[in-house]
Structures are given as structure tokens and as C-alpha cells.
Amino acid sequence: MADFKSHITGSTIVGIAYGYWGVAEQSMSIESGMLAGGLCAVSGMLPDLDSDSGIPLRETSMFVAAIAPMLMIDRFRDLGLSHESMALAAMIVYIGIRFVGVEFFKRFTVHRGMWHSIPAAASAGLIAYLVMPCPTESVRVYKSLAVVLGFIVHLTMDEIWSIDVAGGFRLKKSFGTALKFFGNSALANTMVWAMFGGLLYFSMGDHEVVDRIRDRTRLERTYLAQPEPRPWR
Ligand SMILES: [Zn+2]
């Protein structure tokens, strides 16, 4: 199994390449490219949230809890929150991830279970899509795919590290337990695929919801910006 440092190194290298590709080939802004690269690097830690040994879980959850509220700023703004409410919402997100999220992973996941899987990688991308509304859809998809990519890099490295080269190219028992669509537990399979389906459903409807909220907020702002309400003619 690749250790924490190898995973970070791997996903960071791929993240830099992805950021460069976005800026050079997909006409993304430098900021979007750098952010996508960073998201890919951090996402390389996400699959090991299911590891019961403390370090990956602690480090990863701290990192995710710190950056998630910042990435959600556009979402908060779309909801029309004031700066104070944004700070409060950020705190709630932080606490939610640090305590509720971590507790969930400790209790309900097993290492190399269904959280190490392709539908889990896709779900992580959809969560990123849902928390980060962007001015354009292409930027939003580009950043969300960075998360999926980092996740997949981790899973691929886990598989590569399952090949025992020193022992004459032997496959270890862990081979095939990372880049998979289904695991051994029917319950875990159902949960992860249901999560993926639910997230996909929400993501597909999200565009309309965000547009509607934006329109409403804009209307309210225009109305409030008027010096005094004019009588209707
Ligand atoms: Zn792993």
C-alpha cells in the first residue's frame, strides 16, 4: 500500500499537469488552473478517509474541513447570506466535517471497502460540483473533474502498489480492491451507488435552482438599491 506521502506526491504531480493542461489547452484562467491542481492534489488523500489508523483520517479531514468552507463562498453568496452568516455557515461546515463526518467514516467504513471505488470517486466529484457553483459551467466541470482525477490517481496507486515486483511479479491479496465498481458487501454497494445516484440527481437539477436563486437575489438587490420605492404606474 502506498503511504500518505507517496499518495500526496502522486496526486500533486498529476494535479500540476492537469492545471497546466487547463490553462494551456482549455483556456482556463491561471487561478482556475491552480485551484484545480490543488483540488486534485488534496483529493489524492480522500480515499484514505476510510483508513482506521489515525494519521490519514486526521490529516485529510483537517485539510478538507479547512478548504471546503472557502470553496463554498459562491454557494453562500448565491443563497444571499450576509458576511456574518457566511462566517457562521463556514463554522458549521467546518465542525460538520471535523466531527460528524469523521465520526461517520470511523464507524461506517472499512479500509479498502466501497469508499475505495469508482462510484465513490464520481460521488466526490459530484459533491465538489454541488458545493462550488461557478460563473460558467465549463469551469465548474473542470474543477469537479480535478477532484475525480485526484481520487482516481489514489486508487490507481493503490492497485500498482499491490503488485509485488520484488517477489517475482506476484499480485498481492489487496489487488483489485481499489479501482472497482462493486465490493463484497451488498449493503456497502447499495449505499455507495445510492449516494452516487442521489448526487447525480441533485447535480442535474442544480443549475436551474442556482439560476433561480441568483435571479431572485438580483431582483431583491435592485429593489433595495432604489433610494425610495416608487409607486407603480
Ligand atoms: Zn488507499
Side-chain angles (χ1 to χ4, degrees), residues 1-19 36-68 97-129 131 143-167 169-196 199:
M1 191 176 81
D3 63 10
F4 194 67
K5 264 191 198 149
S6 320
H7 275 309
I8 288 291
T9 313
S11 58
T12 304
I13 293 169
V14 174
I16 291 170
Y18 185 69
L39 283 171
C40 177
V42 175
S43 302
M45 302 194 258
L46 289 179
D48 278 349
L49 277 174
D50 68 9
S51 84
D52 294 320
S53 68
I55 300 162
L57 181 62
R58 202 180 56 226
E59 298 281 331
T60 309
S61 63
M62 262 174 10
F63 220 94
V64 173
I67 58 171
I97 294 173
R98 280 292 275 139
F99 300 101
V100 185
V102 167
E103 206 48 41
F104 173 84
F105 275 102
K106 262 193 198 155
R107 268 172 210 229
F108 297 111
T109 60
V110 287
H111 189 46
R112 289 283 188 106
M114 269 309 272
W115 186 243
H116 272 70
S117 73
I118 291 162
S123 302
L126 288 172
I127 292 172
Y129 181 87
V131 302
K143 287 183 195 164
S144 309
L145 282 178
V147 172
V148 180
L149 185 65
F151 211 109
I152 297 281
V153 168
H154 178 112
L155 301 181
T156 311
M157 286 177 74
D158 275 350
E159 294 293 12
I160 294 171
W161 261 252
S162 303
I163 304 170
D164 184 5
V165 188
F169 227 73
R170 206 173 43 83
L171 295 182
K172 289 183 203 160
K173 237 171 75 188
S174 56
F175 187 78
T177 57
L179 266 175
K180 62 178 183 291
F181 286 95
F182 295 100
N184 296 324
S185 154
L187 179 67
N189 288 337
T190 316
M191 295 289 282
V192 169
W193 280 100
M195 172 179 73
F196 171 70
L199 288 167

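Since we're looking at a predicted model, the values are computed, not measured. We count ligands from 1, going down the list as the structure has it; atoms in each ligand are counted the same way.
- The Zn ion (ligand 1) has an N, O or S atom of H154 closer than 2.8 Å.
- Its N, O or S atom nearest to the Zn ion (ligand 1) is what matters here, and for D48 that atom is OD1.
- Counting just the N/O/S atoms of D158, the one with the shortest distance to the Zn ion (ligand 1) is named OD2.
- If you take CG on L49 and CH2 on W115, they are separated by 6.5 Å, rounding to the nearest 0.5 Å.
- Within the 4.5 Å cutoff, the side chain of L46 has heavy atoms near those of the T60 side chain.
- Every residue meeting the side chain to side chain contact (heavy atoms under 4.5 Å, CB included) condition with A178, not counting sequence neighbours, appears here in chain and number order: R112, H116, L155, D158, E159.
- Sorting the N, O or S atoms of H116 by how far they are from the Zn ion (ligand 1) puts NE2 first.
- Sorted by first and then second residue, the pairs that involve residues 99-108 and meet side chain to side chain donor-acceptor pair (under 3.5 Å), not counting sequence neighbours, are E103-R107.
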